[in-house]
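Structure first, commentary second.
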Amino acid sequence: MRVEIWSDIACPWCYIGKARFEKGLAGFAHRDEVEVVHRSFELDPGRAKGDTEQVIGMLARKYGRTPEEARGMEANVAANAQAEGLGYRAEGRDHGSTFDIHRLLHLAKARGLQDELLSLAYRANFAEERSVFDDAVLVELAVEAGLDADEVRAVLADSEAYADDVRTDEREAAELGANAVPFFVFDRRYGISGGQPSEVFVQALEQAWKDRPVSTLTPLGGEAAACDADGACEVPPGGSDGHA
């Protein structure tokens, strides 16, 4: 069975959702027969390389909030992350274009190291004092994941390397109706949007395993926190996981 996950490094709910999905997968009886593939989705595709800003300022500008209100938003997300055992810096993080990160994730996929690089990039972006919008940091992370430094530098130097792969992923997301991430697709049959509780992922895995023949995509789970296509990453009404 294949699970495809559309996500963006800049999306905190993707970071949290990955941890919750992995907890659900760990409790699934057929976990060793599940192939997990990470797909590209840019929350800010129009942002130019090198155009970065602090997250608090970006949130205040995007939502028309005061800096203090933006800090409150980030503190709420941080609490959700910490509840999953994840590190999270509520201040001091950069926001920028993630296109190069996605291109490197496709390189990593070709080398069988996609999940390793994705995990390192999430940790660097949300928990550590390392900007994933700096090429030098990207090379360091890629090497930590097991990739060759010269190959990584060559991909970063060629803006078209793996660019079509990123765009194909994003086009498929649109075709599947994904307008927010994280977005989980089980055997192209069931879809889950948002950072759902791990129990929802267990239920989805079990249902998708039972009904493995491919059919139309059916939404599972209720409303949950996600980052939408214009970069909005607010917690939905009713609770941190989208349930009252």
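Only this structure's heavy atoms are used, side chains among them; waters, hydrogens and symmetry mates stay out.
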(message) So if I apply the side chain to side chain contact (heavy atoms under 4.5 Å, CB included) rule between F99 and each of K49, E42, R47, which one comes out positive?
(response)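 Result: among K49, E42, R47, E42 is the only option passing the side chain to side chain contact (heavy atoms under 4.5 Å, CB included) with F99.
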
(request) Answer yes or no: is there an ion pair linking K18 with E84, defined by an N-O contact shorter than 4.0 Å? (result)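 Judged by the 4.0 Å cut-off on N to carboxylate O distance, K18 and E84 do not form a salt bridge.
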
(message) Salt bridge check, E129 against R89: does any charged N sit closer than 4.0 Å to a carboxylate O?
(response)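 Salt bridge present between R89 and E129.
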
(message) Which residue is it: D51, T52, D44? I am looking for the one with a side chain to side chain donor-acceptor pair (under 3.5 Å) to H95.
(response)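 Only one of D51, T52, D44 forms a side chain to side chain donor-acceptor pair (under 3.5 Å) with H95, namely D44.
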
(request) Specify whether F126 and Y88 have parallel, tilted or perpendicular ring planes, treating 30° as the upper limit for parallel and 60° as the lower limit for perpendicular. (result)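 Ring orientation of F126 relative to Y88: parallel.
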
(request) Answer yes if the ring centres of F41 and F183 are under 6.0 angstrom apart, and no otherwise. (result)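 So the answer is no for these two rings.
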
Examine distances only and state if a side-chain atom of [X] and a backbone atom of [Y] form a donor-acceptor pair shorter than 3.5 Å.
X	Y	value
Q114	H38	yes
R39	E170	no
D187	R189	no
N76	G72	no
N125	I9	yes
D8	L43	yes
R103	V155	yes
R111	A108	no

[atom1]-[atom2] distance between [X] and [Y], expressed to the nearest 0.5 angstrom:
X	Y	atom1	atom2	value
R20	L86	CZ	CG	9.0 Å
H30	L205	NE2	CG	10.5 Å
E35	M1	CD	CE	11.0 Å

